[in-house]
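Reading through the structure tokens given below for one structure.
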Amino acid sequence: MGIVLSNIIAIYRRELQSYFVSPLAYAIASVFWFIAGLFLVMILLGPSGILVYVASLDLQGQQLGVPVPPIDVPAEFVQAFLDRLGWLLLFILPVLSMGLYAEERKRGTLELLATSPVTNWAVAVGKLLGVLTFFITLVLPLLLFEAIAISSSSPPMPATIPLLGHLGLILFAAAILSLGMFISSLTDSTILSAVLTFALILLLLFVDVIAKSIGGPIGDALGHFSLLKHYNTFIQGIFDTSALILFASYIFLGIFLTAQSIDALRFQRN
């Protein structure tokens, strides 16, 4: 067990270091922060932002002499922002995961990994932890800006709502990255890997729409596989064990399929 753990840590450190010396990773970070910053500003202060909306409701209430129903502005802001981030990940995560194994295939180092004494599971877990850690470093500055934005709310916003929302964001990203890692292990083309991962994410996001069109018990069962449905549960500040199990299942499935893919490659080489 100790040897497996040390192998995972070694792969994790190697993968994480590769992101911090990659120009592509810095380009991804710049684009992500720029677009996420625009989302944050527009949701708060834009022409149709939440502060303008609440101010207009308050003005209408004063003019008509009608009491305005209370609006939980911090919660609405966090939910709207995390919802936009979820859609942004549709484009960011395939680019992050496309080179996890495809680059190894292109450089010819995947054969070395496949024939090394390090287990395929250890390599897959280490790679997934590395790319997920890099993604978390992208999210941390945004969490700071969110905290500043809601710090002056009165009464103070319960910490469980943003924490559960960001937990859902990380689990959502981990599930997609795990499946993207499997797709990356099937090809030596990073572009093809990104495109196929993008298509898979679209399918998993809209499976709930497909389930509703089918209806009945089959539709209900199919709807439980929707990533978007369970992600929305977390960003609403609701801890749902079924959502947690679903994300964990997708993560495990991606790691399992990746290990089997590399096992197949090892069998071919032998």
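Scored by the salt bridge (Lys or Arg N to Asp or Glu O under 4.0 Å) test, Glu146 finds no partners at all (sequence neighbours excluded). The side chain to side chain donor-acceptor pair (under 3.5 Å) test applied to Thr133 returns Tyr12, not counting sequence neighbours. For Glu15, the side chain to side chain donor-acceptor pair (under 3.5 Å) criterion is met by Lys127, not counting sequence neighbours. With sequence neighbours excluded, the residues forming a ring pair (Phe, Tyr, Trp, His ring centres under 6.0 Å) with Tyr231 are Phe172, listed by chain and number. Residues satisfying the side chain to side chain contact (heavy atoms under 4.5 Å, CB included) test with Thr160, not counting sequence neighbours, are Pro158. Thr233 pairs by the side chain to side chain contact (heavy atoms under 4.5 Å, CB included) definition with Ile238, Asp240, not counting sequence neighbours. Listed by chain and residue number, nothing satisfies the side chain to side chain donor-acceptor pair (under 3.5 Å) test with Tyr250 (two or more places apart in sequence, or in another chain). Judged as a ring pair (Phe, Tyr, Trp, His ring centres under 6.0 Å), and not counting sequence neighbours, the contacts of Phe91 are Phe198. The side chain to side chain contact (heavy atoms under 4.5 Å, CB included) test applied to Phe239 returns Leu164, Phe234, Thr241, Leu244, not counting sequence neighbours. Residues satisfying the ring pair (Phe, Tyr, Trp, His ring centres under 6.0 Å) test with Phe32, not counting sequence neighbours, are none.
No continuous path of hydrophobic side-chain contacts links Ile245 to Leu253 [ILVMFWY only; heavy atoms under 4.5 Å]. Hydrophobic clustering (side-chain heavy atoms under 4.5 Å, transitive across Ile, Leu, Val, Met, Phe, Trp, Tyr) keeps Ile148 apart from Met42. The hydrophobic clustering, which links ILVMFWY residues whose side-chain heavy atoms are closer than 4.5 Å, places Ile176 and Phe252 together. Under the 4.5 Å side-chain contact rule for hydrophobic residues, Ile183 and Leu257 share a cluster. Leu44 and Trp33 fall within a single hydrophobic cluster, where Ile, Leu, Val, Met, Phe, Trp and Tyr are joined by side-chain heavy atoms under 4.5 Å apart, directly or via other members.
Checked by atom type and distance alone, the side chain of Thr258 pairs as donor or acceptor with a backbone atom of Gly254 at under 3.5 Å. Asp83 places no side-chain N or O within 3.5 Å of a backbone atom of Gln79 that could act as its donor or acceptor partner.
Listed here is the closest heavy atom pair of Ser184 and Gly99: OG-C, 4.0 Å. Closest of all the heavy-atom pairs between Ile262 and Ser185 is CD1-CB, 4.2 Å. Contact record, Leu93 with Ala173: CD1-CA, 3.7 Å, taken as the closest heavy-atom pair. Considering all non-hydrogen atoms of both residues, Thr190 and Met98 come closest at O-CB, 3.3 Å. Contact record, Pro162 with Val78: CA-CG1, 4.2 Å, taken as the closest heavy-atom pair. For Val123 against Ile11, the heavy-atom pair with the smallest separation is O-CG2, 3.6 Å.
Atom CG of Leu177 and atom CD1 of Ile92 lie 11.0 Å apart (nearest 0.5 Å). Taking CG of Leu202 as the start and OG1 of Thr197 as the end, the distance is 11.0 Å to the nearest 0.5 Å. A distance of 10.5 Å separates CZ in Phe182 from OG in Ser193, rounded to the nearest 0.5 Å. How far CD of Glu76 is from CD1 of Ile161: 10.0 Å, rounded to the nearest 0.5 Å. Interatomic distance, OH of Tyr19 versus CD1 of Ile28, reported as 8.0 Å (0.5 Å rounding). Taking CG from Leu96 and CZ from Phe135, the interatomic distance works out to 8.0 Å, rounded to the nearest 0.5 Å.
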- Task: Could you check Leu204 against Ser226 for side chain to side chain contact (heavy atoms under 4.5 Å, CB included), going step by step and ending with a plain yes or no?
- Result: CA-CA 6 Å; Leu204 293 177; Ser226 171; over 6 Å; no
- May I have the step-by-step check of side chain to side chain contact (heavy atoms under 4.5 Å, CB included) for His230 and Leu171, ending in yes or no? CA-CA 10 Å; His230 293 288; Leu171 291 174; over 6 Å; no
- Test log, rule side chain to side chain contact (heavy atoms under 4.5 Å, CB included), inputs Leu128 and Ile251: CA-CA 9 Å; Leu128 180 61; Ile251 294 169; 3.9 Å; yes
- Query: Where do Leu132 and Ile170 land on the side chain to side chain contact (heavy atoms under 4.5 Å, CB included) test, with the steps shown first?
  - Reply: CA-CA 8 Å; Leu132 184 61; Ile170 293 172; 4.2 Å; yes
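When each of Leu89, Ile35, Ile43, Leu40 is paired with Arg84, the side chain to side chain contact (heavy atoms under 4.5 Å, CB included) condition holds for Ile43 and for no other.
Side-chain contact between Pro94 and Ile201: present, with at least one pair of heavy atoms (C-beta onward) separated by less than 4.5 Å. Residues Phe247 and Leu227 form a side-chain contact, since some pair of their non-hydrogen atoms from C-beta on lies under 4.5 Å apart. In this structure, the side chains of Thr187 and Leu196 stay at 4.5 Å or more apart for every pair of heavy atoms.
Screening residues 168-181 for side-chain hydrogen bond (donor to acceptor under 3.5 Å, both in side chains) gives no qualifying pairs among residues at least two apart or on separate chains. Here side-chain hydrogen bond (donor to acceptor under 3.5 Å, both in side chains) pairs that include residues 20-30, with residues two or more places apart or in two chains, number zero.
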